[in-house]
Amino acid sequence: MKKSISRIIGLIMLIIAIVFIMFALNHPEMSFPWNNTITWLMYGVYFLVTVVLLIAPKMKK
C-alpha cells in the first residue's frame, strides 16, 4: 500500500473514531446488544489498525 493511501485511510479512521466518541458521549442511553468484552475488543482492534496505518508510512524498510 502506498504511503499516502495509508495515511488517508488512517486519518479517515481517526476522524470516524472522534465523531463516534462525540456521539457516544451525547447519547449514553444507546448501547451495543452484546457483551462489553466484545465491544472493548473491537475498540482495541480499531485503535491498533488506525495506529498502524498512521505510523507504518513513517517506518523505513
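- A continuous path of hydrophobic side-chain contacts links Ile5 to Val49 [ILVMFWY only; heavy atoms under 4.5 Å].
- In terms of the side-chain contact (heavy atoms from CB on, under 4.5 Å) criterion, residue partners of Met22 (sequence neighbours excluded) are, by chain and number, Ile18.
- Partners of Ile12 by side-chain contact (heavy atoms from CB on, under 4.5 Å), not counting sequence neighbours, listed by chain and number: Ile8, Ile16.
- In plain terms, the two heavy atoms of Leu53 and Gly10 that are nearest each other are CB-CA, 4.0 Å.
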Acceptor/donor pairs from residues 36-46 side chains to any protein atom, 3.5 angstrom cut, sequence neighbours excluded:
unit_1, atom_1, unit_2, atom_2, d
Thr39, OG1, Trp34, NE1, 3.0
Thr39, OG1, Asn35, O, 3.4
Tyr46, OH, Met13, O, 2.8

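- Considering every non-hydrogen atom in both Leu14 and Thr50, the closest pair reads N-CG2, 4.1 Å.
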